[in-house]
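Scope of the values below: all heavy atoms of this structure, side chains included, with no hydrogens, waters or symmetry mates. Below, read A as the first sequence line, B as the second, and so on, with proteins coming before strands; counting in each chain starts at 1.
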Amino acid sequence: MFTLIKTDGSARRGRMTTPHGAIETPVFMNVGTQAAIKGALDAGDLERIGCQIELSNTYHLHVRPGEEIIRKLGGLHRFMKWEHPILTDSGGFQIFSLASLRKITEDGVHFHSHVDGCKIFMGPEESMAVQSALGSDIAMAFDECVANPATRPYVEASVARTTRWLERCKRTITELNAREDAVNPGQVLFGINQGGTYDDIRVEHMKRIAELDLAGYAVGGLAVGEPTEVMYHILDEVLPAAPADKPRYLMGVGTPANIIEGVRRGIDFFDCVMPARNARHGHLYTHEGVINLNNLKYAVDDRPIEEGCGCPTCRMHSRAYLRHLFRAQEMLACRLAVTHNLYFYNKLMADIRDAIDEDRYDAFRAAWVEPLSRRI
RNA sequence: GGGAGGAUUCCCGAGCGGCCAAAGGGGGCAGACUGUAAAUCUGUUGUCUAUGACUACGAUGGUUCGAAUCCAUCUCCUCCCA
C-alpha cells in the first residue's frame, strides 16, 4: 500500500506500508545481497545507520544457503534478524552480471553457478517461488537486465519476453500468497520497465506493464554504461507513463547526484552497491565531495570523515586512523567506512524528504548536485 | 682452519654476454567501481634540463665492439666438515 503524501514539482513524498512496517519515501535501500551488508554489518548496524529497508538477492540466496533452509528458519527477516521491510531482487540482474555463465530461453534462464558450476534454472516461476520462501515484503519481477549497448531488434525481443515473464510472475505470486504455508502472504510484486536506450520501447513497455496493476514499478537496465544524461532523459520520457499512485523504483542507482536527479523526476525508491563498495575501497562521501582515504594527504588528518556527521564512525574516529586501517588491510576499515557511507546515503534521503516536505526541493537540488559529485 | 653457495632497483626474487632501467610478487603512489562472481580491478613506481641523456645489479680492476651476466682480487652473508 503506497500513499502519496505530497509533491514538490515532480518530486514525491510518500509512504509505503508493508507487513514489516512503513517506509518513508524517497528511500534508499541498503544492499545486502547475501543477507549481509558487505563490510561486516548486521541488522543491528542497519538500524544504527538509519536503514528503512534492506535488499537481498534471489539468485545468490538460492545458490547459498538455498531458500528452503531460510524458509525452515522462518524466512529471511527472522534469519538475518531484520524485522523491518525487505525487498528481494529477482535474479534478473544476474542475467546481466553473470552473462558469461547463462543462456536465456523463453522459459527462463539456465545458469552455471558461479560458486560450483552446477546447473541452475531460474524462470519467473522459480524466482517467485524463491522470493516467496524468503518471505520478502517486496518481490521484484524476473526480468532481463539488458546490457548496453544492445541493438534495437535484441531489445524489442528481450522486452517482449520480459513482459511475458512479468505476467507469469504476477500469476505465480498470487498463487503463492494464497498458500497456507506462505512465509509472507502480504508480499507484493513490482514490475520492471526495460527497453535499453530506446525511448519509444521504454514508454510502450511502461504503458503495457502499468495495465497489470502491480504494487510498484521499477525502471531497470539503467546505469549500465550509457551516459548519465541518457539515463535522465529516459526517466523524463518514461515516468509520465508510470501510474502516479504507485511507487517508482530506479534500480541500481546510484551516485548522490543521480539520486537527487531521480527524485526530481519522480523516483521513490533507490538502491545501489556503490556506497558500500566504494567504502570498502576507501572512497568516503562528504557534502564537499568524495574523499579517497587511501591518499597520502590523509595520513595525519585528525578530522573525522566529515565534521558534524552523526554516524558512529565520525563520532569516534579520524581520517588518519581509517587510512591506517585501510593500508594495513584491517577488516575494521571496511566496517567503519561502510557504516559512514550508508549512514550518509540514508541521511541524504532524510534531507531529501525534508526538502520536499518543505517545498524547497529545487533549491536543495541546486545546492547539492555539484558538491556531492566532486572528487576531493 | 678446509669446502660449498650467495650478494640484483624500497623489500623478496628472476635474469646468467646484446631484445635490461632489469620478469614476477610485495610495498609505495594514483585511478576505476551504479538491481555486488568486487575487502576487487587498472595504471604507475631510478634520476634529469626528458621521443634523449645520465646513474644503476656488493667493491675494485680486467676481458669484450658490448657485462647484472665472463675472469681476478677484496668485503660481507649462509650452509657443511674440523
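Rounded to whole Å, the distance from CG on A:Asn341 to P on B:U34 is 15 Å. Rounded to whole angstrom, the span from the CZ atom of A:Phe269 across to the P atom of B:U34 amounts to 23 Å.
B:U78: Watson-Crick or G-U partner is B:A4, with both key distances under 3.5 Å. Both distances falling under 3.5 Å, in either a Watson-Crick or a G-U wobble arrangement, place B:C54 opposite B:G46. A 3.5 Å limit on both hydrogen-bonding distances identifies B:A32 as the Watson-Crick or G-U partner of B:U40.
Looking at which nucleotide of RNA chain B each of A:Thr33 and A:Gly282 is closest to, the 5′-most match is held by A:Gly282.
Ring-plane geometry between A:His287 and A:Trp368 is classed as perpendicular, the angle between the planes exceeding 60 degrees on a 0 to 90 degree scale with a lower cut at 30. Using cut-offs of 30° and 60° for the angle between ring planes, the A:Phe96 and A:Phe93 rings count as tilted. The aromatic rings of A:Tyr285 and A:Tyr345 sit perpendicular to each other, their planes meeting at more than 60°, with 30° as the lower class boundary.
A distance of 6.0 Å or more separates the ring centres of A:Tyr198 and A:His205.
Side-chain proximity of A:Gln194 to the nucleotides B:C33, B:G35, B:A39 is greatest for B:G35. If you check B:A32, B:U36, B:G35 against the side chain of A:Cys145, the one that comes closest is B:G35. Side-chain proximity of A:His114 to the nucleotides B:G35, B:A37, B:C33 is greatest for B:A37. Closest approach to the A:Leu101 side chain among B:A38, B:C33, B:A37 is made by B:A37 (side chain taken as heavy atoms from C-beta onward).
The side chain of A:Asn292 contributes an N or O atom lying less than 4.0 Å from OP1 or OP2 of B:G31. Within the structure, every side-chain polar atom (N or O) of A:Ser97 is placed at least 4.0 Å from both OP1 and OP2 of B:U36. Side-chain nitrogen and oxygen atoms of A:Arg277 include at least one within less than 4.0 Å of the OP1 or OP2 phosphate oxygen of B:U34.
Only A:Met251, A:Gly252, A:Val253, A:Gly254, A:Thr255, A:Asn258, listed by number, bring a heavy atom of residues 251-258 of chain A to less than 4.0 angstrom from any atom of RNA chain B.
With hydrogens and angles left out, the side chain of A:His281 and the base of B:C41 share no donor-acceptor pair within 3.5 Å. Looking at A:Asp143, its side chain comes within 3.5 Å of the base of B:G35 through a donor and an acceptor atom.
Of all non-hydrogen atoms in A:Arg202 and A:Gly196, the two that sit nearest each other are NE-O, 2.8 Å. For the pair A:Phe344 and A:Pro256, the tightest heavy-atom approach, listed with the atom from each and the gap, is CE2-CG, 4.4 Å.
Taking 4.0 Å as the cut-off between side-chain N and carboxylate O, A:Asp354 and A:Arg360 do not count as a salt-bridged pair.
A heavy-atom distance below 4.5 Å is found between the side chains of A:Val263 and A:Phe270.
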Please produce a list of atom pairs where a protein N or O lies less than 3.5 Å from an N or O of nucleotides 26-29 of chain B.
residue, atom, partner, partner atom, Å
B:G27, OP1, A:Gln329, NE2, 3.4
B:C29, OP1, A:Arg323, NH2, 3.0
B:C29, OP2, A:Arg327, NH1, 2.2

